[in-house]
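Chain naming here is simple, since letters A, B, ... match the order of the sequence lines and numbering starts at 1 in each. Any value given below was found using the heavy atoms of this structure, including those in side chains, with hydrogens, waters and symmetry copies removed.
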4 protein chains.
Amino acid sequence: MSSEERRQQIIDGATEVLIEKGIVASRMNDFIEASGLSKGGVYHHFSSKEELMIGVLTHLLVINAESMQAIPDTGSAREQLILLLQEYEKVIASLAQYNRLLLDFFVLAPHTPEVSELFKQGYLSFLAKLSGLIQQGIDEGEFKASTNPEAIARGLQALYDGMGMTMMVVPNLVSFPSDASETAMTIIAGMCR
Amino acid sequence: MSSEERRQQIIDGATEVLIEKGIVASRMNDFIEASGLSKGGVYHHFSSKEELMIGVLTHLLVINAESMQAIPDTGSAREQLILLLQEYEKVIASLAQYNRLLLDFFVLAPHTPEVSELFKQGYLSFLAKLSGLIQQGIDEGEFKASTNPEAIARGLQALYDGMGMTMMVVPNLVSFPSDASETAMTIIAGMCR
Amino acid sequence: MSSEERRQQIIDGATEVLIEKGIVASRMNDFIEASGLSKGGVYHHFSSKEELMIGVLTHLLVINAESMQAIPDTGSAREQLILLLQEYEKVIASLAQYNRLLLDFFVLAPHTPEVSELFKQGYLSFLAKLSGLIQQGIDEGEFKASTNPEAIARGLQALYDGMGMTMMVVPNLVSFPSDASETAMTIIAGMCR
Amino acid sequence: MSSEERRQQIIDGATEVLIEKGIVASRMNDFIEASGLSKGGVYHHFSSKEELMIGVLTHLLVINAESMQAIPDTGSAREQLILLLQEYEKVIASLAQYNRLLLDFFVLAPHTPEVSELFKQGYLSFLAKLSGLIQQGIDEGEFKASTNPEAIARGLQALYDGMGMTMMVVPNLVSFPSDASETAMTIIAGMCR
DNA sequence: TATGAATGAGTTTTCATTCAT
DNA sequence: AATGAATGAAAACTCATTCAT
């Protein structure tokens, strides 16, 4: 087994542990046990717990990014925007357990610049797509000229993030994705001329 | 000093520590030092670290709730809704440091039923106000009859929560409150007939 | 309530706690709670945990001693000996829970001279009765002249103590009092000419 | 040094500590110091203080059992019984310090099923030997047919246990092994036809 | 590469006792 | 006599990391 495969094996085990116990309660020993390797074995591939955590988070964000299908760039900006959000809803729903884990990583972010940076990349990439489509809608006269594309993009992103978080913290309080979808459609309606 | 005041004194000290160090890096010893009492003194009032954390969170949510001024019930539903959201923005801004702390507690919530329950109460109370106003707007013919008050209320709540979270995790990425305000106004515009 | 009654009230509560939790797991707080008084209240009457324990043990031994009915000094030495042992069996059976507690105190004895001394008094008092009766049997020609009264007395005492202990440590292994009784009768048979 | 040897090294150190300080006053730190290892090292082999105590007790009972030499099965049942008891006396005398420690463990037994079970095994093994010999004596017509082998076996066991206990609790009150021996011989005399 | 015994500073918690009121 | 808040040394145990093999 190659070194890269070993790393992935360790990350996979650690991910399962984190999903089950949460980041606060997960110990290096748990990760080691789940890896199927020994202490020294794991430390050979990840020189510290923090490095392993970054490895897990990176993998998580990659999965998230890869899950987003390419949206066909045909149709009006509004239609493409709706498709993009629907795609996002699917990703959130299908990666529910991973997203719960992402919330755990949030707690690390303020104290770990590297984690914060990883999150930022993920945010910016999605934001760029959203604001791009909104700008396109304005240019094509579909959305009001007074619309601030960046603000609305960040609002949409916050809407979905906030809803995902609420689901984690207080299960069964929101109904996903219908609540998010309904609100997003209302935002789009508000933007239309 | 009464027992109740002592509890508050301990909670206040712990809150400062938590804001500064985060919940993951805060040690019981930090809380004890900040309390001005001895180890046994603190444990006399809170029988474990977890109980103290719950005490802090409860106080936090109480502060949050109390910070929401009573909104005058004059004017149209739309006007009242805007006032309510502006008030919420003010609270988020003024309690920025507390909200960062709240994010820390979010992570605890999925593994601590008592914490989850506390959050739920806070959510429901704000949601009720929002959906009440939206319903009123529908009844008065200001908002579209097709609007789903609960869904939009939950969407608005998620919008603000998500934006608050983003600010904590990736500072300087969103501009608060303008982004939230702009998005909220667009939602309201989308609801209007 | 007089000071003496208060002391007894505290001792009674502590005795219940000790029976339930054992001496190793019983805390001063448990005694205080069981006493119905406050911390300071209990400490007013017993200046330390050790003093309270000695108070409990003393009371226990007094109960034990008082439980032994006076044996009528009529009949042969053998008959009186049998009556005395039957009486002892009854005491052991009726004070089973107290005796379990006594075992707990045994472990304290080697490290607490005052406790050791209390036990010694109890031992000596019962031993004196036993060896007195055996000596009487020898003098009256009922027991063999070669009998060593002190040795047999200590043997009988050890027999009952050992059986009591076994019952505490490994319940249901011995059948009391029949096993003890049977063995004691065999000892008496062995002493008879 | 193998893992098994390390365990034994830790047990040996802990045994010395327990003999010197008693089970109530012995701290985990004492065991750690006596082991020559570090805290983590000891906890690597015994996951709690209780588990270590069980390790010590198990070893103690094994020593006790192994110390009993095989009794030649020639001679009458009475002769073999006497040899067995003499052997037991020797073991008790030579392992005096270990037996004091056993008394300490008695106190743990009522609240620790695992400890209780260990004692039970030791009891049953010795009882089986005793009652077997007594039965043999009955069969061979040496002992009275009315003798109850189990009861007398348990009585003999209790006699020695009780005497051992008395020695620990009130030193110098009994004279061992002569008191036990004298009583045991009287029991045997009482069983003989 | 991999093993797993070992480290030890750090963590939460306990608990007999004191003392101002 | 009584209260109960407060003390603080000491207890058991944790856990990321190291290192000889």
Side-chain angles (χ1 to χ4, degrees), chain A residues 1-3 6-7 10 25-33 35-53, chain B residues 1-7 9-10 25-32 35-53, chain C residues 1-3 6-7 10 25-33 35-53, chain D residues 1-7 9-10 25-32 35-53:
Chain A
M1 189 177 271
S2 77
S3 182
R6 274 275 191 253
R7 273 182 67 96
I10 295 167
S26 293
R27 309 289 167 230
M28 202 57 185
N29 269 356
D30 301 324
F31 301 141
I32 285 156
E33 195 180 348
S35 75
L37 292 185
S38 69
K39 269 211 163 99
V42 172
Y43 270 95
H44 182 78
H45 292 283
F46 295 91
S47 66
S48 72
K49 189 184 180 184
E50 185 175 338
E51 203 176 289
L52 173 54
M53 291 302 92
Chain B
M1 185 178 275
S2 80
S3 187
E4 194 47 52
E5 286 169 323
R6 269 280 190 258
R7 275 183 66 95
Q9 171 188 345
I10 295 168
S26 293
R27 307 291 166 225
M28 201 58 187
N29 271 354
D30 300 327
F31 302 142
I32 285 156
S35 75
L37 290 185
S38 68
K39 249 180 186 138
V42 171
Y43 271 96
H44 181 74
H45 293 282
F46 296 91
S47 64
S48 69
K49 189 184 178 184
E50 184 175 343
E51 203 175 287
L52 174 53
M53 292 303 92
Chain C
M1 188 177 272
S2 79
S3 183
R6 273 276 191 253
R7 275 183 65 95
I10 295 167
S26 293
R27 309 287 167 233
M28 201 58 185
N29 269 357
D30 301 324
F31 301 141
I32 285 155
E33 195 180 347
S35 74
L37 291 184
S38 69
K39 269 212 164 100
V42 171
Y43 269 94
H44 183 78
H45 293 283
F46 295 91
S47 66
S48 72
K49 190 185 180 184
E50 185 175 340
E51 203 175 289
L52 173 54
M53 291 303 92
Chain D
M1 186 178 274
S2 79
S3 187
E4 194 48 52
E5 286 169 323
R6 269 280 189 258
R7 273 182 68 95
Q9 171 187 347
I10 296 168
S26 294
R27 308 292 166 224
M28 201 59 186
N29 271 355
D30 300 326
F31 302 142
I32 285 156
S35 74
L37 289 185
S38 68
K39 229 167 207 155
V42 171
Y43 271 97
H44 181 73
H45 292 281
F46 296 92
S47 64
S48 71
K49 189 185 178 183
E50 184 175 341
E51 204 176 285
L52 174 54
M53 292 301 92

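- Nucleotides of DNA chain E nearest to Val42(A) and Glu50(C) differ in position, and the one nearer the 5' end is that of Val42(A).
- Here the nucleotide nearest the side chain of Met28(C), chosen from dC13(F), dA16(E), dT13(E), is dA16(E).
- For the pair Glu4(B) CD and dG4(F) C1', the interatomic distance rounds to 16 Å; values are reported in whole Å.
- Between the NZ atom of Lys49(C) and the CZ atom of Arg27(C) there is a distance of 6.0 Å, given to the nearest 0.5 Å.
- Distance OH (Tyr43(A)) to P (dT7(E)): 17 Å, rounded to an integer number of Å.
- Rounded to whole Å, the distance from CG on Leu37(D) to P on dA5(E) is 12 Å.
- Pair assignment for dT21(F) gives dA2(E), based on Watson-Crick or G-U wobble hydrogen-bonding distances that are each under 3.5 Å.
- When each of dC13(F), dT13(E), dA5(E) is scored by its nearest atom to the side-chain atoms of Arg6(D), the top-ranked nucleotide is dA5(E).
- In this structure, CE on Met53(B) lies 7.0 Å from CE on Met28(B), to the nearest 0.5 angstrom.
- Dashed line: the shortest gap from a side-chain N or O of His44(B) to OP1 or OP2 of dC15(E) is not under 4.0 Å.
- Distance check on atom P: dT1(E) versus dT21(F) gives 23 Å, rounded to whole Å.
- At the phosphate of dG4(F), neither OP1 nor OP2 sits under 4.0 Å from any side-chain N or O atom of His45(B).
- Of all nucleotides listed (dT12(E), dA16(F), dA16(E)), dA16(E) comes nearest to the side chain of Arg27(C).
- Here Leu37(B) contributes atom CG and His44(B) contributes atom NE2; the two are 10.5 Å apart, rounded to the nearest 0.5 Å.
- In this entry the distance linking NZ of Lys49(A) with C1' of dT18(F) reads 17 Å, nearest Å.
- The CD atom of Glu5(D) sits 11 Å away from the P atom of dA6(E) (whole-angstrom rounding).
- The base of dT17(F) sits with one of its N or O atoms less than 3.5 Å from a complementary donor or acceptor on the side chain of Lys39(A).
- Side chain of Glu51(D) to main chain of Ser48(D): no donor-acceptor pair is present (N/O by atom type, distance under 3.5 Å, no hydrogens or angles).
- When Watson-Crick and G-U wobble pairs are counted only if both distances are under 3.5 Å, dA9(F) pairs with dT14(E).
- Rounded to an integer number of Å, the gap from CD of Glu33(C) to P of dC15(E) is 14 Å.
- Toward the 5' end of DNA chain F, the nearer of the two residues Ile32(D) and Ser3(B), judged by each one's closest nucleotide, is Ser3(B).
- Residue contacts for Ser48(C): at a heavy-atom cut-off of 4.0 Å it reaches the sugar-phosphate backbone alone, with no base atom in range.
- Remark on DNA chain E: of its neighbouring residues Gly40(C) and Ser38(D), the 5'-side contact belongs to Ser38(D), judged by nearest-heavy-atom nucleotide.
- Using Watson-Crick or G-U wobble geometry with both donor-acceptor distances under 3.5 Å, dG8(E) finds its partner in dC15(F).
- For the pair Gly41(C) and Ser26(D), both in contact range of DNA chain F, the more 5′-proximal nearest nucleotide belongs to Gly41(C).
- Rounded to the nearest 0.5 angstrom, Glu33(A) CD and Lys39(A) NZ are separated by 10.5 Å.
- Nearest approach of Ser35(D) to Ile10(D), heavy atoms of both residues: CB-CG1, 4.1 Å.
- One can place CG of Leu52(C) at 16 Å from P of dC15(E), the figure rounded to the nearest angstrom.
- Rounded to whole Å, atom P of dA9(E) lies 12 Å from atom CG of Asn29(D).
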